[in-house]
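A short worksheet on the structure shown next.
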Amino acid sequence: MAKKNSAKTDKKSKAPLEPQAVKERKKAPAAPVETPVEAAAVEKPVAESEPAAKAVEATAAESEPAAEVTAAEPVEEAPAPEPVCTSPRRSVAFIGSECYPFVKTGGLGDVMYALPKALVKQNCDVKVILPRYKCIPWEYQEKMIYRGAFNMDLCADGRSYYVGIMEYVWDGVVYDFIDNEEFFSSGNPYTNLIDDIPKYCYFAKAALAALNYMDWIPDIIHCHDWQAALIPVYLRTKFVNTKLTTAKTILTIHNLRFQGIYNIPTIRYWSGLPDYVFNKDALKTGRNDANMLKGGLTYANAITTVSQTYAGEIQSAWYGETLDAHLRYHAGKLRGIVNGIDYDIWNPETDACLPAGYNTSNVLEKKRENKRKLQEELGLVQDDGKFVIGLISRLTNQKGLDLVNAILPQVVDDYTQVVVLGSGDKVYEDSFRYYENACKGRVCANIMYDEARSHRIYAGADALLVPSQFEPCGLTQLIAMHYGTIPIVRETGGLKDTVEPYDMRNNSGNGFTFDRYDAGLLLDAINRAKAFYFDQRKHWDEMVLRDMEKDLSWENSAKQYKDLYLSLT
Ligand code: ADP
Ligand code: GLC
């Protein structure tokens, strides 16, 4: 994931590349400028508002397809899905920076794939808008269909930028990729803030302009994380005179740590947004910085985050990442809706990555087989009697890896193995490599991103560690439970909402938990799990079955999103 970068530069001087199709565009007739409802809540002294003529010109440029562009080619229509629900139909543009299987660096990619699919079943017409990164595998690129192109102004200097739209239809969901080689050809997909700030200013504006171009006016524009956070701001400023202005916006926070902060001159230059949005109630933060996420939170009609507990936590100074006061101010439009997992992708019975598929009727036997194969694949001592603990994670301090490092030597013993799969910060990569060396045959550090191997670890491990410092939702504990692997988690964010601690009095619960961020407490939770595994196998096995049967699908949460869409429209 992109990281907040403290390095500040005055203004980004990016040498302009050859624009793909720089042509002047025909302006639409001027329309009256209205003060947007949401913007009225923001400090907007009359003297500071954009000169009307300028605003109209910009808006017109965004609303009209370029006169010279090639007409959109006929495109394969999404097969009309069978609506299984009777709630009224709503159209939703889903906009974010990554989406499985095209590009994924973490859970956002999973959600961007699975939630639209689940919304289709809730009688929604969904279009997902994504950047067309060069790193998207060719097998998808080659299936994309050219949908059209136009030019768009972006920065304060009025330069014109190419916006291509490439379309891909799959499972009842339409994916529209915004094409521009200047912004999307480097990185995987994030690079550093110096490049990412212009990239996502461009993306936010181009996504809206593309909707206008396609004349697809959704009821809801659902934006995800800071990379799409300028969309509500653009919609209520630069696009206020377009048809799109009827759409309601939702901004979902997947991770408050990443906000898209840079100095005001740079963000003002690249976004081309009017001066009045750079005030303390909207984008401005600190003395001279602009915060893209903060601006989006101000202008969005609704804010969601990915669990109820995290929705509460982020309003406190500890978890609020300096936006707690802002979030408390907007608490009336903030709510938490927990993530689910996609049961087609995460299905231990049909999972093609597993040596032995299984369901609740044969999990105990098949899990042992998966464990042995996993040990063989990873060069660990092959013994299905050992307790295997997995950890699948971005290697960053969010994930509680300091705690893991502090106690790892006390965890591995003759009966216990630890399997790590992750990449990220060098300090963690190195320490896990060190432990692999120091505890040969007992610890395996897979310092890489490997989707297929992750499936085999979910299936072959007995327990999965998620001791996060903070965790907006967390998907790995959900996948683990669905694969009959017992989660050991810290009680924070979505981990708290999804893993009920084991209660020996009535033999209930889904995993082992600890509360304070403390290595001793993590060790204690692991030891409790270990003792339970070795001494009370019957109850352990019951928990395995309970976890596999727990409803972790998207259905419930998709219904809650649908209700939110209905309440806004
Ligand atoms: P986050 O989004 O904070 O990284 P989540 O738990 O929400 O955390 O989602 C992580 C997703 O990324 C899961 O689908 C997990 O399986 C996957 N993942 C994380 N690291 C790896 C890795 N090294 N290889 C394969 N998949 C990984
Ligand atoms: C973020 C969070 C994670 C969440 C994911 C999907 O990356 O760190 O907790 O599950 O987004 O919402």
Side-chain angles (χ1 to χ4, degrees), residues 1-3 94 96-101 103-115 188 190 222-228 251-259 293 304-311 313-314 319 321 336-342 345-346 351 353 390-401 419-425 428-429 432 444-459 461 464-483 485 487 489-490 492-499 552 554 557 561:
M1 281 282 192
K3 293 186 192 70
F94 227 73
S97 58
E98 58 179 84
C99 177
Y100 174 88
V103 54
K104 165 178 159 184
T105 71
L108 172 63
D110 293 283
V111 175
M112 289 291 296
Y113 167 74
L115 180 53
N188 202 16
Y190 314 114
H222 192 156
C223 314
H224 299 265
D225 273 352
W226 77 267
Q227 294 92 343
L251 179 54
T252 295
I253 303 168
H254 293 265
N255 193 333
L256 192 63
R257 179 151 288 180
F258 307 114
Q259 300 176 4
L293 184 72
T304 68
T305 186
V306 287
S307 67
Q308 271 183 13
T309 293
Y310 194 59
E313 285 174 345
I314 55 179
Y319 290 99
E321 306 281 347
I337 301 178
V338 76
N339 289 332
I341 53 171
D342 187 284
I345 293 178
W346 300 108
D351 193 330
C353 303
L391 188 151
I392 301 173
S393 178
R394 287 183 293 119
L395 300 183
T396 137
N397 67 354
Q398 171 192 339
K399 299 293 181 178
L401 304 169
V419 174
V420 177
L421 173 65
S423 59
D425 295 355
Y428 300 120
E429 293 190 346
F432 286 123
C444 178
N446 302 272
I447 305 303
M448 61 182 75
Y449 188 94
D450 187 332
E451 197 78 34
R453 185 163 287 182
S454 78
H455 286 235
R456 290 192 287 277
I457 298 173
Y458 286 121
L464 191 96
L465 274 192
V466 200
S468 308
Q469 225 176 66
F470 70 94
E471 197 60 75
C473 177
L475 298 176
T476 61
Q477 84 281 10
L478 302 183
I479 303 168
M481 285 191 274
H482 198 54
Y483 277 55
T485 302
V489 308
R490 187 166 100 80
T492 183
L495 300 171
K496 187 171 180 185
D497 294 355
T498 56
V499 181
L552 302 165
W554 266 106
S557 304
Y561 279 110

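Residue numbers start at 1 and run along the sequence shown. First listed ligand is number 1; within each ligand, the first listed atom is number 1. Only heavy atoms go into these numbers, but all of them, side chains included; no hydrogens, no water, no symmetry mates.
The residues K496 and E471 are annotated as not salt-bridged, no charged nitrogen and carboxylate oxygen being separated by less than 4.0 angstrom. One finds a salt bridge joining R257 and E321 here, because a Lys/Arg side-chain nitrogen approaches an Asp/Glu carboxylate oxygen to under 4.0 Å.
With a 4.0 Å cut-off on non-hydrogen atoms, D110 does not touch ligand 2 at all. Only the backbone of L108 comes within 4.0 Å of ligand 2, judged by heavy-atom distances.
Taking every non-hydrogen atom of S454 and a distance limit under 4.0 Å, the qualifying atoms of ligand 1 come out as 25 (C), 26 (N). Within the listing of ligand 2, atoms 6 (C), 12 (O) sit less than 4.0 angstrom from a heavy atom of V111. Against a heavy-atom cut-off of under 4.0 Å, N255 is close to the following atoms of ligand 2: 8 (O). For ligand 2, the atoms lying closer than 4.0 Å to a non-hydrogen atom of G474 are 3 (C), 4 (C), 9 (O), 10 (O). Below 4.0 Å from some heavy atom of N339 lie the following atoms of ligand 2, by number and element: 6 (C), 10 (O), 12 (O).
Proximity annotation for atom 25 (C) of ligand 1: of N446, D342, D450, D450 comes nearest, heavy atoms only. Which of I447, L108, V466, D110 comes nearest to atom 13 (C) of ligand 1 through a heavy atom is settled by distance: it is D110. Proximity annotation for atom 19 (C) of ligand 1: of I479, T476, I392, L391, I392 comes nearest, heavy atoms only. The closest non-hydrogen atom to atom 1 (P) of ligand 1, taken over M448, E98, Q398, K399, comes from K399.
Contact annotation: S393 has at least one heavy atom less than 4.0 Å from an atom of ligand 1. Remark: distances from the non-hydrogen atoms of Q477 to ligand 1 are all 4.0 Å or more. The closest approach between a heavy atom of R453 and any atom of ligand 1 is not below 4.0 Å.
Below 3.5 Å of separation, one finds no N or O of T105 facing any N or O of ligand 1. For a threshold of 3.5 Å applied to N or O pairs, the pair formed by K399 and ligand 2 contains no separation below that value. Between Y458 and ligand 1, a contact under 3.5 Å exists for at least one N or O pair.
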- Item | Residues S468, L495; criterion side chain to side chain contact (heavy atoms under 4.5 Å, CB included); working and verdict | CA-CA 9 Å; S468 308; L495 300 171; 3.9 Å; yes

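Y190 and S97 are linked by a side-chain donor-acceptor pair at a separation below 3.5 angstrom, with hydrogens and angles left out of the test.
Between H482 and Y458, the gap from one ring centroid to the other reaches at least 6.0 Å.
Within the 4.5 Å cutoff, the side chain of H254 has no heavy atoms near those of the M112 side chain.
Ring orientation note: the planes of W346 and Y483 are nearly perpendicular, at an angle over 60° on the 30°/60° scale.
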